Amino acid sequence: MLKKTFCTLLAVAGLTAAVYAYNYDTNLPLPGKSIADTKLQENTLFTAYMFAHRVAAPDCKDFAIIDTAVSAEKVDNKWQEIWTIQACSRTATVPINFELKEAGGTYAIDPMGVRVTNK
């Protein structure tokens, strides 16, 4: 009985994981003209994807960054980039503020700046 219950729970857990699985493109360096180094891109990647989830269709499971561009030139080790994310049939632009410090790079995303460019 215990073995059957364990197998049932294991099967349900596997099915649940499959239902909530997402496909994120994590190839680095990112496409486009980002001036963030690969480590900073990697650190920023999933936060940017989190914002794309907000604009994606409810059943969307595939996400990819399809372009990056500098939108405010680097001054005093601070700059802004726009990352374009494909979320199934929707595309979103995510503005990201970067700053280089002695301890490494940091980033910040303003949620109000995220835009859907097609629906």
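Both backbone and side-chain heavy atoms feed into the values below; hydrogens, waters and symmetry mates do not. Fair warning: this is a prediction, and the values are worked out from it, not measured in the lab.
- Tyr107 and Ile35 end up in the same hydrophobic cluster when Ile, Leu, Val, Met, Phe, Trp and Tyr side chains are linked at under 4.5 Å.
- With no hydrogens or angles considered, a side-chain donor-acceptor pair links Thr91 and Gln86 at under 3.5 Å.
- You'll find the side chain of Thr38 reaches within 4.5 Å of the side chain of Pro29, heavy atoms only.
- One hydrophobic cluster, built from ILVMFWY side chains closer than 4.5 Å, cannot hold both Ile66 and Val114; they sit in different ones.
- Pairing each heavy atom of Ala87 with each of Ala52, the nearest pair is CB-O, 4.4 Å.
- When each of Val55, Val94, Thr93, Ile82 is tested with Arg115 by the rule side-chain contact (heavy atoms from CB on, under 4.5 Å), just one qualifies, namely Thr93.
- Once rounded to the nearest 0.5 Å, the distance linking CG of Asp62 with OG of Ser89 reads 11.0 Å.
- Considering CZ of Phe63 and CE of Met50, their distance stands at 12.0 Å, rounded to 0.5 Å.
- Within the 4.5 Å cutoff, no side-chain heavy atoms of Ile85 are placed close to those of Phe51.
- Atom OG1 of Thr68 is separated from atom CH2 of Trp83 by 7.5 Å, given to the nearest 0.5 angstrom.
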ask   = Taking it one step at a time, do Phe98 and Thr44 satisfy side chain to side chain contact (heavy atoms under 4.5 Å, CB included)?
value = CA-CA 10 Å; Phe98 290 99; Thr44 310; 3.6 Å; yes
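- The shortest heavy-atom contact between Glu81 and Ala36 is OE2-N, 3.4 Å.
- Remark: aromatic rings of His53 and Tyr24 are close, center separation under 6.0 Å.
- Using a distance-only test at 3.5 Å, with no hydrogens or angles considered, a donor-acceptor pair links the side chain of Ser71 to the main chain of Gln80.
- The 12-atom threshold is not exceeded at NZ of Lys78, counting heavy atoms of other residues, nucleotides or ligands nearer than 6.0 Å.
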request  = Just do the side chain to side chain contact (heavy atoms under 4.5 Å, CB included) check on Tyr49 and Thr47 with the steps written out, would you?
outcome  = CA-CA 5 Å; Tyr49 279 141; Thr47 305; over 6 Å; no
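- Rounding to the nearest 0.5 Å places CG of Asn43 at 9.5 Å from CG of Leu45.
- Interatomic distance, Leu30 CG to Ile65 CD1, rounded to the nearest 0.5 Å: 5.0 Å.
- Annotation: side chain of Lys74 is in contact with side chain of Leu100 (closest heavy-atom distance under 4.5 Å).
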request  = Check step by step if side chain to side chain contact (heavy atoms under 4.5 Å, CB included) holds for Lys61 and Asn23.
outcome  = CA-CA 6 Å; Lys61 303 239 185 279; Asn23 179 30; 5.8 Å; no
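- By the 6.0 Å contact criterion, CG on Asp76 is open, its count of non-hydrogen atoms from other residues, nucleotides or ligands being 12 or less.
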inquiry  = Could you go through Gln41 and Ser34, starting from their C-alpha distance and side-chain angles, then the distance that decides it, and tell me whether this counts as side chain to side chain contact (heavy atoms under 4.5 Å, CB included)?
reply    = CA-CA 9 Å; Gln41 289 179 7; Ser34 175; 3.3 Å; yes
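- Between Glu99 atom CD and Leu40 atom CG the span is 11.0 Å, to the nearest 0.5 Å.
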